[in-house]
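Notes follow once the structure below has been shown.
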Amino acid sequence: MINKLWYLSQIKLFDKVSPEDMEEINKGTHHAKIRRNTIIQSPEMVRDGLYFVKEGALRLYIVNSEGKQFTVGILGKGSTFGEIDSFSLGTHGVYIETMEDTLLCSIGREQFEKFISTRPHIMKRVMRILSDQLQEKNSMLEKMALGTVKEKLLFLLLNLSEEFGVLKDNFHRIDLPLTHQEIGNMIGATRESVTSTINELVKEGLIRTGRKSISIHRELAKEQLFD
């Protein structure tokens with residue numbers, strides 16, 4: 001079994017933390033393996049403490065009055081979420097669901113606040129991560145709410161390719177199995193419209209498809225989406 005210290009050393013928040021500090025923060029961490037398609041948070045829930053994605057992927061989404069889901073964030077390996085008294089990582093009031101089998105590490109509020117109280121450089125990193133995640137969340141929410149199905153799909157695939165993309169022949173293959181229905185749930189569209197739009201994007205040379213896989217040409221997609 002890979003030990004917890006190795007996992008923690010892969011977390012973006014702790015990528016430059018000393019071995020001594022890693023030993024200290026490792027003392028009170030807890031680990032849990034969660035199966036795919038499990039809702040681990042609803043808007044009514046408050047998760048006290050910080051959580052780190054060690055393996056797998058999570059989707060953050062909201063549900064409108066008509067029951068449609070809108071994705072506001074995707075968290076992959078190394079991502080951080082949670083709430084403590086001194087700050088929030090922008091995940092309060094949303095659903096959080098595993099997109100694949102996921103391994104989570106959690107640190108209690110009191111332990112983490114005690115830890116960072118004597119390590120201001122880590123607090124600065126926390127605030128930077130918070131700022132980046134909020135900016136990404138707001139950008140995705142705006143695009144998902146106002147864009148066409150084609151724009152929503154391209155924007156989602158670009159975001160997924162940044163986190164899960166594997167480059168091959170100028171295309172980034174998204175290393176995450178997704179059905180057209182699951183993509184539709186992410187962007188608030190029907191499965192039929194997703195299939196139609198994917199076929200259109202394939203003809204335009206912006207994406208390639210395989211068995212439960214999608215590859216995107218990031219440069220061409222950005223030209224169409226942002227020009």
Got a second to check how far [X]'s [atom1] is from [Y]'s [atom2], nearest 0.5 Å?
X	Y	atom1	atom2	answer
I96	Y51	CD1	OH	9.5 Å
L60	F81	CG	CZ	8.0 Å
T71	L160	OG1	CG	8.5 Å
I214	I198	CD1	CD1	4.0 Å
N170	S215	CG	OG	11.5 Å
I207	H172	CD1	NE2	15.0 Å

Exercise for the section: Mind jotting down which residue pairs meet the salt bridge (Lys or Arg N to Asp or Glu O under 4.0 Å) criterion with at least one end in residues 167-189? Sequence neighbours excluded, please. Expected result: R36-E182, R173-D175
Handout entry: Residue pairs passing the salt bridge (Lys or Arg N to Asp or Glu O under 4.0 Å) test where at least one lies in residues 188-199, sequence neighbours excluded
Key = none
Quick one: are [X] and [Y] in side-chain contact, heavy atoms under 4.5 Å?
X	Y	answer
E163	L176	no
Q69	M186	no
Y95	P43	yes
V53	L104	yes
T209	N199	no
E151	L154	no
F155	I187	no

Which atom names give the shortest non-hydrogen contact between [X] and [Y], and what distance separates them?
X	Y	value
L75	F164	O-CZ, 4.2 Å
F52	I107	CE1-CD1, 3.3 Å
I216	S161	CG2-CB, 3.7 Å
A189	V194	CB-CG2, 4.2 Å
Q111	T29	OE1-N, 4.3 Å
L206	A221	CD2-CA, 4.0 Å

Problem - Pairs meeting criterion ring pair (Phe, Tyr, Trp, His ring centres under 6.0 Å) with involvement of residues 196-222, two or more places apart - result: F171-H217
Handout entry: same_hphob_cluster(V166, L156) at 4.5 Å side-chain heavy-atom cutoff
Key = no
Practice task
Say whether L157 and V202 are linked into one hydrophobic cluster, either directly or through other cluster members, by side-chain heavy-atom distances under 4.5 angstrom.
Solution key: yes
Problem - Results of salt bridge (Lys or Arg N to Asp or Glu O under 4.0 Å) for E100 - residues two or more places apart only - result: none
Problem - All salt bridge (Lys or Arg N to Asp or Glu O under 4.0 Å) counterparts of E200, not counting sequence neighbours - result: K150
Donor-acceptor under 3.5 Å ([X] side chain, [Y] main chain):
X	Y	result
T98	T38	yes
T102	I34	no
Q41	V94	yes

Problem - Remaining members of the apolar cluster that contains M45, side-chain heavy atoms under 4.5 Å - result: none
Exercise for the section: Among L178, N37, L58, find the one that has a side chain to side chain contact (heavy atoms under 4.5 Å, CB included) with M99. Expected result: L178
Exercise for the section: Using distance alone, with no hydrogens and no angle criterion, decide if S42 and E44 have a side-chain donor and acceptor under 3.5 Å apart. Expected result: yes
Practice task
Would you please say whether a donor-acceptor pair under 3.5 Å links the side chains of Q181 and N185?
Solution key: yes
Practice task
Return yes when atom CD of E204 has more than 12 non-hydrogen atoms of other residues, nucleotides or ligands closer than 6.0 Å, and no otherwise.
Solution key: yes
